[in-house]
Amino acid sequence: MSEAPGLKRALSQRQLTMIAIGGVIGAGLFVGSGVVIGDTGPGAFLTYGMAGVLIIMVMRMLAEMAVANPSTGSFADYSRKALGNWAGFSVGWLYWYFWVIVVGFEAIAGAKIIQYWMDVPLWLSALIFMVLMTATNLFSVASYGEFEFWFAGIKVAAIIGFIGLGTAFIFGLWPGKSADFSNLTSHGGFMPLGFGVITVGIVTVIFSMVGAEIATIAAAESADPERAVAKAANSVILRILVFYVGAVLVLVLIVPWNDESVAASPFVAAFTEMGIPYADHVMNAIVLTAVLSCLNSGLYTASRMLFVLAKRREAPPTLVKITSRGVPANAILASSVIGFLCVIAAAVSPDTIFAFLLNSSGAIILFVYLLISISQIVLRYRTPDSELRVKMWLFPALSVLTALGIVAILVQMFIDTALRSQLVLSLLSWAVVIVLYVINKWFVKRRPRSPESSLEEDSQSAPPERHVPS
C-alpha cells in the first residue's frame with residue numbers, strides 16, 4: 001500500500017461515455033421488454049417514454065449536484081449534506097444492497113445463457129463470471145473502464161443494428177417485403193388492454209433503465225469530472241429515446257404484441273420474423289455481454305459506495321484501504337463475496353431465500369431516486385445560481401413533479417398485489433438500515449478516532465459536516 005493513496009483518476013472520456021451509455025442498456029431491455037409489451041400492447045413504447053422522462057429528470061438533478069461537487073459516492077454525499085447523516089447512510093447502504101443483489105442475479109442470468117449452449121452447473125458458470133469480473137475490478141479502474149467500453153459497445157451496436165434493420169423491414173426496404181405498420185392497430189387496437197395499463201408497466205420499465213447514474217460515480221475517477229458528468233447527463237435523453245423507445249417501437253411494428261414468442265424473447269422473435277438465421281444464438285450472445293457488463297458495473301458501483309461508507313465511518317474501516325493501483329480492493333472483495341452468496345442462495349433455495357432477497361431490494365432504487373430528488377431541491381435553495389454550471393430545468397416545478405412521480409410509482413406498487421410484497425420488504429430493508437444507522441452512531445461515539453482514519457478522511461474527501469455555501 002502506498003502512503004495515503006487515493007482513487008486514481010484513470011477513466012478516459014471515451015470510457016466514461018460508454019459507461020454512461022451501457023449503464024442504461026441492461027439485460028432487462030433484451031428480455032424484460034417482451035413482458036411489458038405483452039402486458040401493455042403496441043403502445044408499450046409510451047410506457048418506456050414515460051419512465052425515460054423520470055430517469056432523465058433524476059439524471060439532470062444528479063448532474064446539477066455532481067458538477068457543483070464531484071464526489072465518489074456522489075448522491076450519498078449529497079443526501080447527507082441536504083438531509084443529514086441518516087439520509088447519506090440510507091442512500092449508501094440501500095444502493096450498495098441493491099447492486100450486490102443485482103450482481104448475484106446477473107451472474108445467474110449469465111450462467112443460464114451458458115446452459116443454452118452447454119450443460120454446465122449453474123453455480124460453476126456463475127462463480128467463473130464472478131471471479132473474472134472481480135479480477136477486472138481489482139486490477140485497476142482503467143481495466144474496468146476498458147472492459148465496460150467494449151462490452152457496452154457490443155450492446156450499443158446490437159441495438160442500433162436492430163433498429164436499422166427493423167426500420168428497413170417496416171418501410172418495405174427488405175427483399176420481398178412491402179411497408180407495413182398494421183401491427184400497431186390490427187390486433188385489438190393500439191391499447192387493447194386500456195390506457196390505464198401504461199402506468200402499471202412503468203414499475204417494470206424503471207428497473208430495466210437503472211444504471212444511468214453510475215456515470216456520476218465513475219466521473220470522480222476521470223480526469224475532468226465536471227465535463228464528464230455534464231456530458232453524460234445531457235446525452236441520456238438521446239440514449240433513452242433511441243435505445244428504449246425506438247427499439248420497442250420497432251419491436252411492436254415487426255411482431256404482433258400478443259404473439260407468444262414476444263414474451264419469451266422479443267428480439268429473437270423480431271429477427272426470426274425478418275428471416276435472419278441463427279437469431280437465437282446471436283441474441284443470446286448479445287444478452288450475455290449485457291449481463292457481464294451489468295455484473296462488471298454492479299461490482300464497481302457497489303464497491304465505490306462501500307468505500308465511501310467506510311470513509312464516513314459507517315462501514316468497517318478496513319474497507320477504506322486502497323491498493324497502489326488506486327482501487328478499494330477490500331470493498332470490491334466484500335461486494336463480490338456477498339454477490340456470490342446470492343448465487344448460492346439461488347442454487348440452494350431459489351423460491352424462498354433468493355426470492356426474498358430479490359423482493360427485499362425491489363423498490364430500493366426508487367427510495368434512492370426519491371432521496372436524490374429531495375436532496376437536489378434542498379441543495380438548490382442553499383446554493384447561489386452563480387455557483388451552478390449545470391441547472392435542473394424549470395426549477396422547482398420539474399424537481400417537485402419528479403419527486404411526486406416517484407411517490408406515484410411507489411403507490412402503484414402498493415396497489416398492485418403482485419408488486420406489493422416488493423414494496424413492503426424493501427421498506428423493511430430501509431427500516432433495518434435506519435436501525436443500523438442508530439447502532440453505528442452510538443458505536444462511533446464510543447470508538448476513538450484514529451489518526452490514520454482522520455488523515456484518510458481529510459485527504460480523500462470533504463468532511464460530512466461541510467455544507468454547500470448559501
Keeping [X] on the side-chain end and [Y] on the backbone end, is there a donor-acceptor pair under 3.5 Å?
X: S303; Y: L299; result: yes
X: Q115; Y: P121; result: no
X: E64; Y: M392; result: yes
X: T40; Y: G43; result: no
X: W430; Y: L94; result: no
X: T134; Y: M130; result: yes
X: R60; Y: K391; result: yes

For [X] versus [Y], what's the shortest heavy-atom pair and its separation?
X: A247; Y: I159; result: CB-CG2, 4.4 Å
X: F139; Y: S143; result: CB-OG, 3.6 Å
X: W99; Y: A302; result: CB-CB, 4.1 Å
X: A111; Y: S125; result: CB-CB, 3.6 Å
X: P42; Y: P192; result: CD-CD, 3.6 Å
X: R304; Y: V327; result: NH2-CG1, 4.1 Å

Residues I372, L62; criterion side-chain contact (heavy atoms from CB on, under 4.5 Å); working and verdict | CA-CA 7 Å; I372 288 171; L62 264 178; 4.0 Å; yes
Are any of the side-chain heavy atoms of [X] and [Y] separated by less than 4.5 Å?
X: L127; Y: V343; result: no
X: Y95; Y: T301; result: yes
X: I240; Y: M209; result: yes
X: I364; Y: I101; result: no
X: V291; Y: F129; result: no
X: L319; Y: L309; result: no
X: S90; Y: F367; result: no
X: L341; Y: I344; result: yes

[X] [atom1] to [Y] [atom2] distance, which is reported to the nearest 0.5 Å:
X: W150; Y: E146; atom1: CH2; atom2: CD; result: 7.0 Å
X: N330; Y: L138; atom1: CG; atom2: CG; result: 9.5 Å
X: K155; Y: L292; atom1: NZ; atom2: CG; result: 10.0 Å
X: T402; Y: M61; atom1: OG1; atom2: CE; result: 4.0 Å
X: I114; Y: I128; atom1: CD1; atom2: CD1; result: 8.5 Å
X: N183; Y: L251; atom1: CG; atom2: CG; result: 11.0 Å

Centroid-centroid distance, F162 to F271, less than 6.0 Å = yes
Between F181 and F171, is the ring centre distance below 6.0 Å?
-> yes
Over 12 non-hydrogen atoms of neighbours within 6.0 angstrom of [atom1] in [X]:
X: W123; atom1: CH2; value: no
X: F395; atom1: CZ; value: yes
X: W393; atom1: CH2; value: yes
X: F414; atom1: CZ; value: no

Taking it one step at a time, do W117 and N284 satisfy side-chain contact (heavy atoms from CB on, under 4.5 Å)?
-> CA-CA 9 Å; W117 291 306; N284 272 321; 3.7 Å; yes
Can you name the side chain to side chain donor-acceptor pair (under 3.5 Å) partners of S335, sequence neighbours left out?
-> W96
Does the side chain of [X] pick up a donor-acceptor pair with the side chain of [Y] at under 3.5 Å?
X: S375; Y: S79; answer: yes
X: E148; Y: Y300; answer: no
X: Y97; Y: W93; answer: no

Which of parallel (below 30°), tilted (30 to 60°) and perpendicular (above 60°) describes F151 and F147?
-> parallel
Determine, step by step, whether I322 and F307 satisfy the side-chain contact (heavy atoms from CB on, under 4.5 Å) criterion, reporting the C-alpha distance in whole Å, the side-chain angles of both residues, the deciding distance to 0.1 Å, and the verdict.
-> CA-CA 9 Å; I322 299 175; F307 169 75; 3.5 Å; yes
Step-by-step side-chain contact (heavy atoms from CB on, under 4.5 Å) determination, L29 to Y244 = CA-CA 7 Å; L29 169 61; Y244 278 92; 3.7 Å; yes
